[in-house]
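First up is the structure itself, then whatever we jot down about it.
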Amino acid sequence: MTDSRLEPFLLLARSAKGAAAAKVVENATAANGVYTFNALMDVPNVKESSDLQKHWNLLQLFAYGTLKDYISSPDSYPPLSPQQVAKLKHLTLVSLALEHRTLDLRTTRELENMIIDCIYSNLLTGKMHHHEQIFYVDQVSARDLNEAEVRKVESALKTWSSNAESILKALDQQIAEARESAIREAEQAAQYQKEQDAAYNQAKEELHKRDRHAMSGLSNRTNEMQSALPKSSMSSLGYGMEGKGGDSNEEMSHSRAKRTRA
């Protein structure tokens with residue numbers, strides 16, 4: 001998606017040629033809030049013009065380069081305005097923040113002020129620790145990527161994708177193994193419970209058999225004892241008890257009659 005702040009320069013560049021196109025490049029690289037330039041580099045009037053070599057280099061410098069690149073070869077670019085120098089410093093700081101999560105503030109006061117400017121420009125966020133003289137980067141805006149950087153990002157993404165796929169396969173294997181282990185444990189638990197139930201039922205049946213056998217033996221012994229006693233003994237035992245009972249009753253009657261007569 002194209003930065004909306006670059007749109008006016010894109011409209012001008014599509015219809016401008018020569019010096020007019022060069023002026024559009026100069027204005028875009030100096031404009032506040034414009035920090036991406038790939039879309040402008042894709043405009044045919046800018047990309048294909050042989051008269052704009054230095055301005056083409058200028059666009060590449062602001063898209064991909066740093067202040068060090070400009071200092072190493074200033075004749076390859078048109079002269080920079082103070083606004084362009086300040087922006088190039090900001091872009092250089094963004095590149096540093098993309099590579100390092102901490103920035104050393106012990107060099108100059110200018111660097112600290114530059115970080116503050118970048119924060120207000122929404123180029124980066126973080127925390128400044130004055131006692132440590134370090135700026136800790138939390139977030140940083142992205143810059144344009146050249147072809148070499150695109151290939152590097154593509155390679156990194158492929159590596160990440162391959163690693164993620166390997167991790168997913170390993171996780172799937174572990175999940176499958178865990179499921180198989182759970183199924184085996186459930187089957188073993190069911191088999192164990194089945195064996196325990198069978199052993200319990202068998203023991204219960206054996207106890208019932210023993211109880212039935214004991215009761216049957218006791219009943220048989222009782223019957224045998226009753227059969228061993230003669231019937232005459234049983235009858236005489238009964239009559240003897242009745243005779244004693246009759247004599248006692250007569251004696252008690254005579255005793256009451258004597259007491260009455262007295």
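The structure displayed is predicted, hence computed values, not measured ones. Position 1 is the first residue of the sequence; numbering continues from there.
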- For Met215, the hydrophobic cluster (side chain heavy atoms closer than 4.5 Å, chained through members) also holds none
- Query: So, the side chain of Thr66 versus the backbone of Thr92: is there a donor-acceptor pair under 3.5 Å, distance only?
  - Reply: no
- Task: Just jot down the ring-ring contact (aromatic ring centres under 6.0 Å, His included) partners of Tyr64, sequence neighbours excluded, or say none.
- Result: none
- Item | Pairwise side-chain contact, Val137 with His100, heavy-atom cut-off 4.5 Å (strictly under) | no
Using atom types as modelled, flag every donor-acceptor pair under 3.5 Å from a side chain in residues 171-182 to any protein atom, sequence neighbours excluded.
residue	atom	partner	partner atom	Å
Gln173	NE2	Glu177	OE2	3.4

- Message: Under the side-chain hydrogen bond (donor to acceptor under 3.5 Å, both in side chains) definition, can you give me all pairs with a residue in residues 188-201, not counting sequence neighbours?
- Response: Gln191-Glu195, Gln193-Asp197
- Donor-acceptor pair, Thr125 side chain versus Gln139 backbone, under 3.5 Å? yes
- Using the six-membered ring of Phe135, assess whether NZ or CZ of Lys127 lies under 6.0 Å from its centre and within 45 degrees of the ring axis. no
- Task: Measure the spacing between NZ of Lys209 and CG of Leu207 and express it to the nearest 0.5 Å.
- Result: 11.5 Å
- Query: Quick one: does Asn163's side chain get under 4.5 Å of Thr159's, heavy atoms only?
  - Reply: yes
- Query: Are Val140 and Ile119 linked, directly or through other ILVMFWY residues, by side chains that come within less than 4.5 angstrom of each other?
  - Reply: yes
- With clusters built from Ile, Leu, Val, Met, Phe, Trp and Tyr whose side-chain heavy atoms come within less than 4.5 Å, directly or transitively, what are the remaining members of the cluster of Leu145, listed by chain and number? Val150, Val153, Leu157
- Message: Quick check: do Glu206 and Gln202 have side-chain heavy atoms less than 4.5 Å from each other?
- Response: yes
- Task: Check each of Thr36, Leu40, Leu91 against Asp144 using the side chain to side chain contact (heavy atoms under 4.5 Å, CB included) test, and report the only one that passes.
- Result: Thr36
- Task: Indicate the atoms forming the closest heavy-atom contact of Phe62 with Leu88, along with that distance.
- Result: CE2-N, 4.0 Å
Return all side-chain donor-acceptor pairs below 3.5 angstrom for residues 16-34, not counting sequence neighbours, or 'none' if the list is empty.
residue	atom	partner	partner atom	Å
Glu26	OE2	His55	NE2	2.8
Asn27	ND2	Lys23	O	3.3
Thr29	OG1	Val25	O	2.9
Thr29	OG1	Glu26	O	2.9
Thr29	OG1	Gln84	NE2	2.7

- Task: Might you point out which heavy atoms bring Pro78 and Leu58 nearest each other, and give the distance in Å?
- Result: CG-CD2, 3.9 Å
- Looking only at heavy atoms, which two atoms of Leu6 and Ala39 are closest? And how far apart? CD2-CB, 4.0 Å
- Message: Tell me the closest heavy-atom pair linking Cys118 and Leu93, and the distance in Å.
- Response: SG-CD2, 3.6 Å
- Spacing of Ile115 atom CD1 and Leu123 atom CG [to the nearest 0.5 Å]: 12.0 Å
- Task: Output yes when a side-chain donor or acceptor of Asn45 lies under 3.5 Å from a complementary backbone atom of Ala13, and no otherwise.
- Result: yes
- Is there a donor-acceptor pair under 3.5 Å between the side chain of Asp69 and the backbone N or O of Gly65? no
- Query: Is there side-chain contact between Tyr35 and Arg143, with heavy atoms separated by less than 4.5 Å?
  - Reply: no
- Evaluate the criterion side-chain contact (heavy atoms from CB on, under 4.5 Å) for residue pair Glu187 and Ile183; output intermediate values, then yes/no. CA-CA 6 Å; Glu187 291 175 349; Ile183 292 173; 3.7 Å; yes
- Query: Does a side-chain heavy-atom distance below 4.5 Å link Leu61 with Asn57?
  - Reply: no
- Message: Hydrophobic cluster membership, with links at side-chain heavy-atom distances under 4.5 Å among I/L/V/M/F/W/Y: are Tyr70 and Val85 in one?
- Response: yes
- Message: If we ignore hydrogens and angles and just use 3.5 Å, is the side chain of Ser121 paired with the main-chain N or O of Asp117 as donor and acceptor?
- Response: yes
- Query: Nearest 0.5 Å, what's the CZ-CZ distance between Phe37 and Phe9?
  - Reply: 9.0 Å
- Message: Measuring only between side-chain heavy atoms, which start at C-beta, is Met41 closer than 4.5 Å to Lys47?
- Response: no
- Query: What is the distance from atom OG of Ser76 to atom CD of Gln60, rounded to the nearest 0.5 Å?
  - Reply: 11.0 Å
- Query: Is Leu11 reachable from Leu59 through a run of hydrophobic residues whose side-chain heavy atoms are each under 4.5 Å from the next?
  - Reply: no
